[in-house]
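Below is one structure, written out as structure tokens; the observations come after it.
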Amino acid sequence: MPCRAGTPFAIPDRMRVALLSPLFESVPPRLYGGTERVVYNLCQSLKKLKTEVVLFAAGDSTVDVELVSVVPEAIRLSKVPCTDPVAHHFRMLAMVLERAGDFDVIHNHHDYWMLPLSEMTQTPVLSTLHGRTDLPEINAAYCSYPKGRFVSISQSQRNLLPQLPWVKAIHHGIDLSNFEFYPNPGKYLAFLGRISGEKRPEWAIEIAFRSGVPLKIAAKIEGAAGKDYYARHLKPYVDGKFIEFVGEISEDEKSEFLGNALALVFPIDWPEPFGLVVIESLACGTPVLARPCGAVPEILEDSVTGFIDSDIRKLANRVKDIVSIDRKFCRDWVNQKFSLNRMAEDYIHVYHQVAAQKRRAYTHRRNLLHTIERTSNRNSED
């Protein structure tokens, strides 16, 4: 059980952890949603490792742990338009704070939205950052909470903000059983993600034209900016044959889309904190063509699980060499380095670490107060 007022803090054998997920997507996400997929994977694997989990998330989440519904339905795909998402997150803060004493650790996956909790409760608050750490405005928010404890999802993400009190870098893990293995190379290139300047889908199109291999794009178009980007950079080239736009796909469709491809094209143009789609593709046996931005060199090995080059023309030239990549080794690579068990065990270790820090702080405070009390009593006697 967690520490109660007036009692020594002890680390339990079976920890009770609150997981906080963004409210924009359900857990797991119905369609696109990397953070929510990671939260789902963590819920399932922590439970198998005998950790009690309570999830604060959208009410249409489907997880085999206790669910605290903050909103009835995930905001992005809700039938009822949301006029002010910020209000829901303020309510989420209040709901977590009300139950904070029930937990040994509060594990925040909602970036800076939930950071005030670290100043509002004695329960340790651990935040895994899923977004970028190279923007001054966001970084100023993170650094404003010195009591926060942070986990990065790659060393690259961590290096961009070295002054933050990082606890550990923990790579994502996935459940291999959710991804079918496809031993034979397909006949098209695949792009999976969202339509934005960060992801550079137009560079995927250029690779397709330069290599002469067709491209299928499965991506989310979100908001006016996404629609405008699609209209300007992709629509002129989408013919439904050589360049095909298939739209946003579900988790159930992902294995077939990735597994039947010759390669995944990942021509990103930003410091990608991780790149979940890369290990999902490798799990299906499909190698990856990627630019060396962000965490890519940490999760992909050049000429072994795909090819890495900052030059789009050189990546296009490597398409012909993709067949030399061992697809079975790609899957084994994920099993060795990006398993759910490894991710969950890493987090459990961190939970115990931050709980131990809390215990040491409590013991130090108790000993200090004891010294003050003895001094006070001696002075009274004199």
Side-chain angles (χ1 to χ4, degrees), residues 2-3 15-25 27 33-36 38-39 42-43 46 53-58 61 68-71 74-75 82 84-170 172 271 273-274 346-347 350-358 361:
C3 176
M15 302 197 78
R16 187 167 170 81
V17 178
L19 293 187
L20 318 185
S21 181
L23 304 177
F24 299 104
E25 308 287 345
V27 178
T35 299
E36 296 80 11
V38 172
V39 172
L42 190 55
C43 278
L46 286 176
V53 177
V54 177
L55 174 66
F56 290 77
S61 299
V68 178
S69 173
V70 181
V71 292
I75 292 172
C82 177
D84 187 1
V86 177
H88 292 303
H89 294 96
F90 269 85
R91 180 167 177 262
M92 187 178 186
L93 274 170
M95 293 173 72
V96 177
L97 186 60
E98 185 179 8
R99 292 190 56 180
D102 295 340
F103 308 112
D104 301 298
V105 175
I106 296 171
H107 189 179
N108 166 38
H109 289 268
H110 202 359
D111 293 335
Y112 56 82
W113 292 86
M114 296 292 115
L115 284 183
L117 286 167
S118 64
E119 303 287 336
M120 300 164 70
T121 176
Q122 293 299 309
T123 304
V125 178
L126 180 73
S127 293
T128 294
L129 303 190
H130 292 266
R132 60 195 305 168
T133 51
D134 63 323
L135 301 178
E137 300 88 351
I138 294 178
N139 294 351
Y142 290 138
C143 294
S144 297
Y145 292 91
K147 293 182 182 178
R149 301 166 177 87
F150 298 91
V151 168
S152 66
I153 56 177
S154 65
Q155 189 61 44
S156 167
Q157 183 196 42
R158 178 175 181 155
N159 291 344
L160 291 171
L161 195 55
Q163 67 270 36
L164 213 59
W166 299 105
V167 180
K168 191 176 178 66
I170 300 179
H172 293 329
F274 186 79
D346 281 352
Y347 273 115
V350 170
Y351 295 158
H352 281 272
Q353 184 178 340
V354 298
Q357 290 170 355
K358 170 70 177 179

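Quick caveat, the model's predicted, so the values are computed rather than measured.
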- request: Inspect the surroundings of CD in Gln163 and state if more than 12 heavy atoms from other residues, nucleotides or ligands are less than 6.0 Å away.
  value: yes

field: Side-chain touch Val54/Asp102, heavy atoms, less than 4.5 angstrom
entry: no

task: Report the C-alpha separation of Phe150 and Leu115 in whole Å, then their side-chain angles, then the decisive distance to 0.1 Å, and conclude whether the side-chain contact (heavy atoms from CB on, under 4.5 Å) test is met.
output: CA-CA 10 Å; Phe150 298 91; Leu115 284 183; 3.7 Å; yes

query: Given side chains that start at C-beta, do those of Val38 and Glu36 come closer than 4.5 Å, heavy atoms only?
result: no

- line: Rounded to the nearest 0.5 angstrom, the CH2-NE2 distance for Trp113 and His88 is 11.0 Å

query: Does the side chain of Glu119 reach to within under 4.5 Å of the side chain of Tyr145, using non-hydrogen atoms?
result: yes

- prompt: Are side-chain heavy atoms of Val68 and Arg99 found at a separation under 4.5 Å?
  reply: yes

Any side-chain heavy-atom pair of Ser152 and Leu129 under 4.5 Å: no

task: Hey, can you tell me if His172 and His130 have their rings parallel, tilted or perpendicular (30° and 60° cut-offs)?
output: parallel

task: Measure the shortest side-chain to side-chain distance between Phe24 and His110 over non-hydrogen atoms and say whether it is less than 4.5 angstrom.
output: yes

task: Evaluate the side-chain proximity of Val350 to Ile170: yes if any heavy-atom separation is below 4.5 Å, no if none is.
output: yes

message: Are the side chains of Leu46 and Tyr351 in contact, using a 4.5 Å heavy-atom criterion?
response: yes

